[in-house]
Amino acid sequence: MFTVKECTQTEEANVLCRQLRAPAQSGDRIFVLHEDGPRAVGILALRGAKVVLKGVYGDIDAAYRDVMCRALLHVCRDMQPITLRVDGEDDYWLRFGFEKKDGGMEVCNKDVVFSEHRQ
């Protein structure tokens, strides 16, 4: 069984990010997928008035990567209203309500949806 939890121990987060080649910076929030040990990290960063989903890093399959992305979005939905951004365009994010903007994709965190099909 796996879990996804935020890593609040700075040194532990730094070690994991180095091992997984994840570009974490000071102030980023690091979430770790554990299954018989840490397997992946997801990173959220505050950039101006936006939260950027920097990515999911680790050698995991698409299903685990999807779970990590959904966990990050769930965390963001509980924040005060703020714009979420993903740098780069990928149709994967459309299912959650993201729209293409300025070379990336954005959505208000309160407008994130968790359904496979959008109408």
Side-chain angles (χ1 to χ4, degrees):
M1 183 161 146
F2 68 90
T3 60
V4 176
K5 294 183 181 179
E6 184 168 12
C7 183
T8 57
Q9 303 300 317
T10 305
E11 188 53 39
E12 179 184 351
N14 289 340
V15 169
L16 285 171
C17 288
R18 279 193 301 273
Q19 288 174 345
L20 298 172
R21 295 187 175 100
Q25 297 175 325
S26 178
D28 289 353
R29 292 181 68 182
I30 311 298
F31 295 82
V32 181
L33 183 145
H34 288 272
E35 184 180 51
D36 299 325
R39 298 204 38 217
V41 296
I43 302 175
L44 297 176
L46 187 61
R47 188 184 302 153
K50 298 178 182 180
V51 172
V52 176
L53 285 78
K54 289 175 74 172
V56 173
Y57 304 89
D59 186 21
I60 55 175
D61 64 30
Y64 279 119
R65 191 165 304 281
D66 182 56
V67 167
M68 283 291 293
C69 290
R70 289 171 184 269
L72 295 174
L73 290 173
H74 180 71
V75 167
C76 293
R77 277 189 14 172
D78 288 339
M79 296 175 181
Q80 294 295 317
I82 193 166
T83 299
L84 305 181
R85 180 171 175 82
V86 176
D87 290 333
E89 296 178 4
D90 186 330
D91 288 346
Y92 169 81
W93 299 102
L94 295 173
R95 72 185 74 192
F96 303 109
F98 282 79
E99 295 178 355
K100 296 176 182 179
K101 184 173 181 183
D102 299 329
M105 301 186 79
E106 295 184 356
V107 66
C108 175
N109 65 325
K110 299 302 182 185
D111 296 332
V112 170
V113 293
F114 287 107
S115 63
E116 290 299 318
H117 304 287
R118 302 226 32 227
Q119 295 187 10

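Bear in mind the structure is a predicted one, so any value in this text is a computation, not a measurement. For this chain, numbers begin at 1 and follow the sequence in order.
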- Task: Write out all pairs satisfying salt bridge (Lys or Arg N to Asp or Glu O under 4.0 Å) with one or both partners inside residues 22-32, taking only residues at least two apart or from two chains.
- Result: Glu6-Arg29, Asp28-Lys54

Going by heavy atoms in the side chains, are [X] and [Y] under 4.5 Å from each other?
X     : Y     : value
Leu72 : Val56 : yes
Phe96 : Arg70 : yes
Phe31 : Ile43 : no
Asp66 : Tyr92 : yes
Val86 : Val52 : no

Can any side-chain N or O of [X] pair as donor or acceptor with the backbone N or O of [Y] at less than 3.5 Å?
X      : Y     : value
Arg85  : Leu53 : no
Asn109 : Cys76 : yes
Arg65  : Gly58 : yes

- Note: Val113 and Arg95 closest approach over all heavy atoms is CG2-O, 3.4 Å

- Heavy atoms of Leu94 and Met105 approach each other most closely as CD2-CE, 3.4 Å

Sequence neighbours excluded, which residues qualify as side chain to side chain contact (heavy atoms under 4.5 Å, CB included) partners of [X]?
X      : value
Arg18  : Glu11, Asn14, Val15
Leu46  : Val51, Ile82
Lys101 : Glu106

- Message: Just verifying a value: how many Å separate Cys7 SG and Leu16 CG, rounded to the nearest 0.5 Å?
- Response: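 Rounded to the nearest 0.5 Å, the SG-CG separation comes to 6.0 Å.
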
- Give, for atom CZ of Phe114 and atom CG of Leu73, the distance between the pair rounded to the nearest 0.5 Å. 5.0 Å

- Item | Residue of the set Leu20, Leu33, Val4 for which side-chain contact (heavy atoms from CB on, under 4.5 Å) holds with Val41 |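 Of the listed residues Leu20, Leu33, Val4, the side-chain contact (heavy atoms from CB on, under 4.5 Å) partner of Val41 is Leu20.
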
- Contact list for residues 34-88, test ring pair (Phe, Tyr, Trp, His ring centres under 6.0 Å), sequence neighbours left out: Phe2-Tyr64

- Message: Suppose we screen for side-chain hydrogen bond (donor to acceptor under 3.5 Å, both in side chains). Which residues come up paired with Arg47, at least two apart in sequence or across chains?
- Response: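 Result, side-chain hydrogen bond (donor to acceptor under 3.5 Å, both in side chains) vs Arg47: Asp87.
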
